[in-house]
Amino acid sequence: MSFTINHTDAASKARAGVLQTNHGAIETPIFMPVGTLGTVKTVHQHELKDDIKAQIILGNTYHLFLRPGLGVLKQAGGLHQFINWQKPILTDSGGYQVFSLASSRKITEQGAIFKSHINGAKLEFTPENVIDAQRVIGADIMMAFDECTPYPCEHHKAKKSLALTHRWLDRCFKQYNNTEPLYGYNQYLFPIVQGSVYKDLRIESAEYISAKGAVGNAIGGLSVGEPAEDMYAMTEVVCNILPKDKPRYLMGVGTPVNILESIALGIDMFDCVMPTRNARHGLLYTQQGIINIKNEKWKNDFSELDSNGTSYVDKTYSKAYVRHLHICNEYLAAQITSIHNLAFYLWLVTEARKQIIDGTFTAWKNKMVIQIAQRL
RNA sequence: GGGGAUAUACCAGAGUGGCCAAAUGGGACAGACUGUAAAUCUGUUGUUUCGACUUCGGUGGUUCGAAUCCACCUGUCCCCA
């Protein structure tokens, strides 16, 4: 894997680069649609590829481990083959489930013991078996198994958790170095910076993670409920320490505004469920602002879904029609809005890249963050 | 023509003397959602100057007090002829 930075913004820390994988190049900054269970919910591969222009998607180790299970995935020849997606895939380790399923798991030195949300079965995730699982899944980019702390989190707890995450990281790298890819292409392990909203812990963690010399680095434990200012502050602190010549991945972020602000801080990669989940709930992101398509005000609005949109759904369907589909709870509503939102997110990062290359990023970003946050 | 049942908020439908401005669904209207236990969840849904006021087919009555009991009227449904 190689990462080349082509342009750096003069007025901010934003960069435009290219990340090479065996499944193709990824132009950064990039947004990665989330496909937890081996599907970006409601979206077909051809839409993802040709319309949305996704360059890489996510999968989730915890969820895929439960269903369909590693046996099926191995038999299929990995996740790429199973879902017929020949571009890069990144898998989260299950570290986020340590946070989101906190009520049904227990943390030990060894790992995390989950009570399956499907059938209650007890299952243990360790740094070692999480790496093994990601080998079987065949992700181009594998994530370290970490403890994503909740917000708020007391300093002493965050400190203790961070130490555990670092010990787990050492074990992840050991297992990673002792195992080989199963399907003939390279897989890379990204470590994750933690430390909650504490500057000292974030610095400590960023230094620890940087020392690993990984091909890319991630920042986790943010966008879990803390104020946006804290998220930006931590991101800035960490970006100042993480190696400049390696891609930086801000996990789970975020709103379109979060993404633009974080690009300005030097982040290259993003993922978030917001465009897809909010799409299913009727929220559309556009260059002009946010639309709740379920609102009565769109009932008689027969204009294009988004006249500035880049997706075919934007010109094909009217606001009134998509509202109607949503009100009736029709499957097509979720499909249309998911395609729209993902296309918007991909447009946003592609445009950001272009602006960085043109040297106009900061002015453009400052204008956009106001525009896209408006409620229409 | 005879007999029986029923009428409650936008709809369906509980409630059969005070704890009822009235359960529960649905619908409608808003809001939330950040490495997906999420096609989910939350709130509002008679008026209001927030003290109260006007509601349960209509009118009148009984009672300290009525959606609830009584009389008549009106509408709807069912059965028999």
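Both backbone and side-chain heavy atoms feed into the values below; hydrogens, waters and symmetry mates do not. In the text below, chain A, chain B and the rest are named by the order of the sequence lines, each starting its count at 1.
Pair assignment for B:U44 gives B:A28, based on Watson-Crick or G-U wobble hydrogen-bonding distances that are each under 3.5 Å. The partner of B:U6, taking Watson-Crick or G-U wobble pairs whose two distances both stay under 3.5 Å, is B:G75. B:G60 is paired with B:C70 under the criterion used here, namely a Watson-Crick or G-U wobble arrangement in which both key atom distances are under 3.5 Å. When both pairing distances are held under 3.5 Å, B:G1 makes a Watson-Crick or G-U pair with B:C80.
On the P atoms, B:A22 is 16 Å away from B:U55, given to the nearest whole Å. B:A14 sits 11 Å from B:U8 when the P atoms are compared, rounded to a whole Å. Nucleotides B:G13 and B:U47 have their P atoms positioned 24 Å apart, rounded to a whole Å. As rounded to the nearest Å, B:C53 and B:C20 have C1' atoms that lie 16 Å from one another. Taking atom P on both nucleotides, B:A66 is separated from B:A12 by 27 Å, rounded to a whole Å. Comparing the same atom, C1', in B:U45 and in B:C10 gives a spacing of 10 Å after rounding to whole Å. Taking atom P in both B:U54 and B:C41, the straight-line distance is 40 Å, to the nearest Å. Comparing the same atom, C1', in B:C77 and in B:A30 gives a spacing of 39 Å after rounding to whole Å.
Using a 4.0 Å heavy-atom cutoff across all strands shown, A:Q194 reaches at least one base atom of the nucleic acid. Among the heavy atoms of the strands, none lies under 4.0 Å from A:L250. Contacts of A:R375 with the nucleic acid, taken as non-hydrogen atoms under 4.0 Å apart, involve only primed sugar atoms and P, OP1 or OP2.
No donor-acceptor pair closer than 3.5 Å links the side chain of A:S161 to the backbone N or O of A:K157.
Distance A:E296 CD to B:U45 P: 17 Å, rounded to the nearest Å. Here the C1' atom of nucleotide B:C29 and the CD1 atom of A:I327 are 9 Å apart, to the nearest Å. The separation between A:I290 atom CD1 and B:A32 atom P is 9 Å, rounded to whole Å. Counting to the nearest Å, the C1' atom of B:U34 and the CG atom of A:N341 are 13 Å from each other. Atoms CG (A:L222) and C1' (B:G35) sit 11 Å apart, rounded to a whole Å. If you take CE of A:M32 and P of B:G35, they are 11 Å apart, rounded to a whole angstrom. Straight-line distance from the CG atom of A:L284 to the P atom of B:G31: 14 Å, rounded to whole Å. Straight-line distance from the CG atom of A:N258 to the P atom of B:G35: 11 Å, rounded to whole Å.
Using a 4.5 Å cut-off on side-chain heavy atoms (C-beta onward), A:T108 and A:I113 make contact.
Note on A:R323: every side-chain N or O is 4.0 Å or more away from OP1 and OP2 of B:A28.
Checking B:C29, B:G31, B:C33 against the side-chain heavy atoms of A:N292 singles out B:G31 as nearest. When each of B:C29, B:C33, B:A30 is scored by its nearest atom to the side-chain atoms of A:N295, the top-ranked nucleotide is B:A30.
The aromatic rings of A:H80 and A:Y185 lie perpendicular to each other, with more than 60° between the two planes, well past the 30° mark. Note: A:Y176 and A:F173 have perpendicular aromatic rings, judged against thresholds of 30 and 60 degrees for the angle between ring planes.
A side-chain donor from one of A:D132 and A:Q175 sits under 3.5 Å from a side-chain acceptor of the other.
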Which donor-acceptor pairs under 3.5 Å do the side chains of residues 58-65 of chain A make with protein atoms, sequence neighbours left out?
unit_1 : atom_1 : unit_2 : atom_2 : d
A:N60  : OD1    : A:Y62  : N      : 2.8
A:N60  : OD1    : A:H63  : N      : 2.9
A:N60  : ND2    : A:Q97  : OE1    : 3.0
A:T61  : OG1    : A:D92  : O      : 2.6
A:Y62  : OH     : A:H117 : N      : 3.4
A:Y62  : OH     : A:H117 : ND1    : 3.1

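Distance OH/A:Y198 to OG/A:S205: 15.0 Å, rounded to 0.5 Å.
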- Message: The test is side chain to side chain donor-acceptor pair (under 3.5 Å); show your working for A:K13 and A:N240 and say whether it passes.
- Response: CA-CA 9 Å; A:K13 302 273 179 60; A:N240 283 338; 3.1 Å; yes

- Assign a letter to each nucleotide of nucleotides 36-43 of chain B from its 5' end: B, base within under 4.0 Å of a protein heavy atom; S, sugar-phosphate only; -, no contact. BBBBB---

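Within a 6.0 Å sphere centred on NE2 of A:H155, heavy atoms belonging to other residues, nucleotides or ligands number more than 12.
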